[in-house]
Number of protein chains: 2
Amino acid sequence: MMKNDTDKIVTLSKIKVACQSCNLYELCLPLGLHGEDLDQLEKIIKRAHPLKKNESPFQQGDKFQSIYAIRSGSVKTYTIADDGSEQITGFYLPGELVGLDAISDDCHPCTAKALETTSYCEIPYTALEQLSGELPSLRHQLLKIMSKEITHDANLLMLLGKKAADERLASLLLSLSSRLKNRGFSATEFHLSMSRNDIANYLGLAVETVSRLFTRFQDQGLIQVEGKFVQIIKLEELKAMTKECTCENPKMA
Amino acid sequence: MMKNDTDKIVTLSKIKVACQSCNLYELCLPLGLHGEDLDQLEKIIKRAHPLKKNESPFQQGDKFQSIYAIRSGSVKTYTIADDGSEQITGFYLPGELVGLDAISDDCHPCTAKALETTSYCEIPYTALEQLSGELPSLRHQLLKIMSKEITHDANLLMLLGKKAADERLASLLLSLSSRLKNRGFSATEFHLSMSRNDIANYLGLAVETVSRLFTRFQDQGLIQVEGKFVQIIKLEELKAMTKECTCENPKMA
DNA sequence: CGACTTTTTGATCCGATTCAATACGCGTGG
DNA sequence: CCACGCGTATTGAATCGGATCAAAAAGTCG
């Protein structure tokens, strides 16, 4: 915890530190690598300057070169439709990989943008793919992470497909909570780096609805909100909310 | 085309035929393999009896063993919530891989069920992962396919997140059309193997809405429907529908 | 401090669900 | 072969949730 905050002020010398000594190395790219394997991975990873808020590591349409591992901060990814409207496709927290969706077409299908000051590592993909041929554990983890992304998306699909507005917001809060928890942060108190607008966009709701929901959740004693800070009071009730409310199809076996 | 239909009647001897001589081998698992590489892949693939309608190659919660490649027919995948309601997460057509979402947790997060008589190949995952360490082209394709699944899901997210009912149905029809086209089938005339109920469930709509939309699309001259047979008349207009109707957020840069 | 953006709150409106009923398709058995 | 029954699909009318429109309040930043 000595560096959650200090992390934001990164000097060049600090940046050059190797994965081995990076305090986040077991979070970011949780590849379960050890010893030599880790050495090899380190060789291909580039450490980049931290992004300032609203800066982008890559833009929609850019040629695909690298995967990005978030070390601290957060980013959102979004696609822009022909008419200029944007759709947020995901929020990424420390320890998560951004850009996996670019592998198939060799070109980024979305733009990533920092929601706050964000430091990350860049992993050239060709090298990663090649290296994964040599290291079974790396290969295993990489496939696993991609699979997780698929599962995650599928869940979200379900969420957006048939969930009511309140269930959607509850799901997002729970998702953030559990992901932060996995990375060693508090599961019940955290800071929303994204705006209400971003949340609304992501959940497929109007900003007004999101705002009203936050108020309602608070009135119901489920959470405590103060601007961007959220405290989850009744985790279990929130969970129940996302599950049971499947008010439809109680017919089929 | 000598086997689209005859395919459904598969004798044991036919099943034993190798990938090399399988007329679908370039569709199913489009891995771009040749010669020896293909030989090696063949060794790990199991051919299974075709599924009859409503049969399942795997159930939600089953231990993850294999990936399944559809050769003919189609399946749906769905998850069952605690309350028993089901959410369809995808439809899979010939040449597509089912079960990739199970890699991360080593257990299938959804059930697959045949929508019609369906033949498939079973690919033991451990062997596939290991083999992909030896064959760069296999590794490359596998990652590519998984990435595509992620992109696909993300698109769907966008669709369900903020699209109106008509745009959703249009998107589904277009998705089926383009996927069938890629596999050498007609892009404009096809058979919907899933029920209206399945479609509604997948798109997050009420059955009645789906039904009304089919009628409306037909009235508008966009498609021709006759039960499960669909003919797309105005492909371009359907496409336009899914794009432009992003009536929201015309504000942000 | 003042201009601008983000968030909240209120009132109205519309699309999609829900409820209800009828039509169709298909397999079974008379 | 047709009658029957059950599941699936279509169509109509009423209701409700969330979007939209409008405006005030709270942050943000130069």
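Here the structure is a predicted model, which means the values were calculated and not measured. Every chain is numbered from 1 and lettered A, B, ... according to where its sequence line falls, protein lines coming before strand lines.
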Roughly, in whole Å, what's the span from CD1 in B/I199 to P in C/dA16? 17 Å

Measure the distance from CG on B/L213 to P on D/dT11 and round it to the nearest whole Å. 12 Å

Nearest-Å distance for atom pair CD/C1', residues B/Q218 and D/dT10: 12 Å

Counterpart residues, side-chain hydrogen bond (donor to acceptor under 3.5 Å, both in side chains), relative to A/S177 (two or more places apart): none

Apply side-chain hydrogen bond (donor to acceptor under 3.5 Å, both in side chains) to B/S74 and list each qualifying residue two or more places apart in sequence or on a separate chain. B/E116, B/S193

Bend angle of the helix from C/dC1-D/dG30 to C/dG30-D/dC1, from helix axes over five pairs at each end, nearest 10°: 40°

Rounding to an integer number of Å, can you tell me how far B/N201 CG sits from C/dT17 P? 12 Å

Ring pair (Phe, Tyr, Trp, His ring centres under 6.0 Å): which pairs involve residues 207-239 of chain B, sequence neighbours left out? B/H191-B/F229

Along nucleotides 2-9 of chain C, 5' to 3', which nucleotides get a B, which get an S, and which get a -, given that the test is a protein heavy-atom distance under 4.0 Å? -----SBB

Sorted by chain and residue number, the side-chain hydrogen bond (donor to acceptor under 3.5 Å, both in side chains) partners of A/S175 (sequence neighbours excluded) come out as A/R179

Rounded to the nearest angstrom, tell me the gap between atom CG in B/D219 and atom P in D/dT10. 12 Å

Gap between atoms CD and C1', on B/E167 and C/dG15 respectively (whole Å): 12 Å

Check: A/I150 main-chain N/O paired with B/D101 side-chain donor or acceptor under 3.5 Å: no

List for me each residue that meets side-chain hydrogen bond (donor to acceptor under 3.5 Å, both in side chains) alongside B/E149, sequence neighbours excluded, and say none if there are none. B/Y92

Over how many whole Å does the gap from B/R216 atom CZ to C/dG15 atom P extend? 10 Å

B/D166 CG to C/dG15 P, straight-line distance once rounded to whole Å: 10 Å

Return whichever of A/G204 or A/E226 has its heavy-atom-nearest nucleotide of DNA chain D closer to the 5' end. A/G204

Of all residues at least two apart in sequence or in a different chain, which pass the side chain to side chain contact (heavy atoms under 4.5 Å, CB included) check with B/S195? B/N197, B/D198, B/K228

Do any side-chain atoms of residues 52-62 of chain A form donor-acceptor pairs under 3.5 angstrom with protein atoms, and if so which ones, sequence neighbours left out?
| unit_1 | atom_1 | unit_2 | atom_2 | d |
| --- | --- | --- | --- | --- |
| A/E55 | OE1 | A/K52 | N | 2.6 |
| A/S56 | OG | A/A112 | O | 2.8 |
| A/Q60 | OE1 | A/I80 | N | 2.8 |
| A/D62 | OD2 | A/Q59 | N | 2.8 |

Salt-bridge test for A/E122 and A/R47: reply yes if a basic N is under 4.0 Å from a carboxylate O, no otherwise. no

Pick base, sugar-phosphate or nothing for A/A206, based on heavy-atom distances below 4.0 Å to the nucleic acid. base

